[in-house]
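Comments concern the structure below.
Just so it is clear, the structure is predicted and the values come from calculations on it, not from any experiment. Position 1 is the first residue of the sequence; numbering continues from there.
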Amino acid sequence: MATTDRQATTLALAHALSAAERGLSVIPLSRTKLPALRSPHRPAPGPAHPDSHHSQHSDPEPVPPPCHGECGRPGHGVYDATTDPARIRELFAAAPWATGYGIACGLPPHRLIGVDLDVKSGTDATGALRELALRHLFTIPPTVVVLTPSGGRHVWLTGPPDAVIPNSAGRLAPGIDIRGAGGYLVGPGSRTDHGVYATAPGTAHLVPAPCPPSLLRLLLPPPRAPHPATHPSVGDRGQGLVQFVLAAHEGQRNTRLFWAACRAYENGIGRALRAPLIDAAVHTGLTEREAHATIASAARMTGHRP
């Protein structure tokens with residue numbers, strides 16, 4: 001590893017430990033801003049660099065069983081996040097290529113909410129947030145702001161204990177992404193392929209401010225319509241797989257559908273469960289075309305005809 005990378009890793013670890021002292025749970029990140037540790041449930045990597053997280057094949061890799069770290073091994077992304085200094089050092093020691101760290105959102109004591117204001121593709125996310133504030137009568141209080149290498153900003157807010165804020169991309173307005181439960185923010189001091197993340201002047205000494213109630217209401221997920229009924233012929237196991245898909249949030253819908261379809265075909269109920277799984281996937285926000293394609297990939301992966 002180059003000396004500059006070793007220095008970046010040392011600095012990232014130091015920043016991560018400092019964040020943990022403030023009650024923020026952290027994980028090591030690679031230069032690509034992805035979790036630095038590969039899942040222990042995925043196939044062994046090929047000759048590529050350990051940072052590699054993308055398959056070179058057209059079909060997706062087999063989806064691992066749902067595991068949020070219960071197996072005891074590292075490599076579960078944001079579910080590895082911790083404030084324990086010894087554990088943080090262990091995670092960075094296992095990922096010597098890490099040059100940054102992520103801060104898990106939604107966890108106590110801060111229950112961090114990240115408002116990611118992007119400037120790519122000509123969007124004016126800051127202006128869009130200003131318009132939302134005027135329309136819904138809220139102001140962003142003084143809080144931690146992190147400047148991104150692309151010129152964007154991460155605004156740190158905190159949520160109440162009884163609110164689970166989902167991740168979203170562009171739902172509030174173009175260029176405004178929200179990092180909530182199950183998401184993470186790139187921590188200040190992290191070095192990526194595009195530059196260094198840094199705390200905005202005058203905000204490093206602040207603590208994350210509470211999210212204004214009017215903004216919080218905008219961030220909460222809308223109530224879901226009643227779940228579509230499952231076909232009685234699929235049995236309890238099939239209904240469990242359908243419920244697994246129905247519980248998917250944005251960012252995990254395709255993964256959950258693919259995993260459920262693989263299990264259905266392996267248990268001989270793939271054809272019977274195809275329509276209920278498609279209905280469930282469409283209910284979560286996928287298009288019918290996307291659902292058909294994902295289930296076809298699962299069929300091929302398990303040796304069945306789509």
What verdict does the side chain to side chain contact (heavy atoms under 4.5 Å, CB included) test give for W156 and L112, after you've listed the backbone C-alpha separation in whole Å, the side-chain angles of each residue and the deciding distance to 0.1 Å?
CA-CA 7 Å; W156 292 15; L112 197 63; 3.9 Å; yes

Grouping I, L, V, M, F, W and Y whenever their side-chain heavy atoms are under 4.5 Å apart, do L220 and L172 come out in a common cluster?
yes

Would you check, one step at a time, whether the test side chain to side chain contact (heavy atoms under 4.5 Å, CB included) holds for R22 with V144?
CA-CA 13 Å; R22 300 169 62 188; V144 180; 4.1 Å; yes

Could you tell me whether a side-chain N or O of R171 sits under 3.5 Å from a main-chain N or O of L218, the two making a donor and an acceptor?
yes

A20 to I88 - nearest heavy-atom pair and separation:
CB-CD1, 3.5 Å

For residues P40 and P74, report the shortest heavy-atom separation together with the two atoms involved.
CD-O, 3.3 Å

Please table the atom pairs, donor to acceptor, closer than 3.5 Å between any side-chain atom in residues 122-138 and protein atoms at least two apart or in another chain.
| from | atom 1 | to | atom 2 | distance (Å) |
| --- | --- | --- | --- | --- |
| T123 | OG1 | D118 | O | 3.4 |
| T123 | OG1 | K120 | O | 2.9 |
| D124 | OD1 | G127 | N | 3.0 |

Separation between CG of L13 and CG of L91, rounded to the nearest 0.5 Å
10.0 Å

Path from V196 to L34 over hydrophobic side-chain contacts below 4.5 Å
no

Taking atom CD of E266 as the centre, does the number of heavy atoms from other residues, nucleotides or ligands within less than 6.0 Å exceed 12?
yes

Classify the side-chain pair E290/T287 by whether it contains a donor and acceptor separated by less than 3.5 Å.
yes

Value rounded to 0.5 Å, distance of CD in E21 from CG in L24:
11.0 Å

Atom of A36, atom of A95 and distance for their closest heavy-atom approach
CB-CB, 3.7 Å

I295 versus Y265: any side-chain heavy-atom pair under 4.5 Å?
yes

Could you walk me through whether T9 and R6 satisfy the side chain to side chain donor-acceptor pair (under 3.5 Å) test, starting with their C-alpha distance in whole Å, then the side-chain angles of each, then the deciding distance to 0.1 Å, before giving a yes or no?
CA-CA 5 Å; T9 300; R6 285 199 298 269; over 6 Å; no

Can you check whether A296's main-chain N or O pairs, donor with acceptor, with R274's side chain at less than 3.5 Å?
no

Under a 4.5 Å cut-off applied to non-hydrogen side-chain atoms, are P210 and L157 in contact?
no

Supply the atom-to-atom distance H292 NE2 to L277 CG, rounded to the nearest 0.5 angstrom.
11.5 Å

Heavy-atom side-chain proximity of R153 to V146 below 4.5 angstrom:
no

Side-chain donor/acceptor of T203 to backbone N/O of A200, under 3.5 Å
yes

Note, P208 side chain near T158 side chain (heavy atom, < 4.5 Å):
yes

Tell me whether T143 contacts the main-chain N or O of A209 through its side chain, where contact means a donor paired with an acceptor under 3.5 Å.
yes

Between atom OH of Y79 and atom OG of S25, what is the distance when rounded to the nearest 0.5 Å?
13.5 Å

How about S297 and R300: does a side-chain donor come under 3.5 Å of a side-chain acceptor?
yes

Closest approach of D80 and G75, non-hydrogen atoms and distance?
OD2-N, 2.7 Å

Could you tell me the separation between the CG atom of L107 and the OG1 atom of T83, rounded to the nearest 0.5 Å?
9.5 Å

For residues Y101 and P28, determine if any side-chain heavy atom of one lies less than 4.5 Å from a side-chain heavy atom of the other.
no

Candidate pair R263 and I269, rule side chain to side chain contact (heavy atoms under 4.5 Å, CB included), full reasoning:
CA-CA 9 Å; R263 302 295 82 76; I269 57 173; over 6 Å; no

R256 side-chain N/O to F244 backbone N/O, donor-acceptor pair under 3.5 Å:
yes

For a quick test of reading the model, state the closest non-hydrogen atom pair linking P149 to G195 and the distance between them.
CG-C, 3.5 Å

Mind listing the side-chain donor-acceptor pairs of residues 177-186 below 3.5 Å, one per line with the distance, residues two or more places apart or on another chain?
| from | atom 1 | to | atom 2 | distance (Å) |
| --- | --- | --- | --- | --- |
| D177 | OD1 | G170 | N | 3.1 |
| Y184 | OH | K33 | O | 2.7 |

Distance, nearest 0.5 Å, that separates CG of N167 from SG of C105
7.5 Å

Within the distance-only criterion (no hydrogens, no angle test), does the side chain of H76 pair as donor or acceptor with the backbone N or O of R73 below 3.5 angstrom?
yes

Taking the side chain as C-beta and beyond, is there a heavy-atom pair between T82 and V26 under 4.5 Å?
no

Between L117 and I140, is there shared hydrophobic-cluster membership here, with clusters defined by ILVMFWY side-chain heavy atoms closer than 4.5 Å?
yes

Shortest non-hydrogen contact from G187 toward Y197:
O-CB, 3.8 Å

Check against side chain to side chain contact (heavy atoms under 4.5 Å, CB included), L216 and I165
CA-CA 8 Å; L216 188 67; I165 304 301; 3.6 Å; yes

V115 side chain reached by H154 side chain, heavy atoms, under 4.5 Å
no

Less than 4.5 Å apart, any side-chain heavy atom of L29 and any of T99?
no

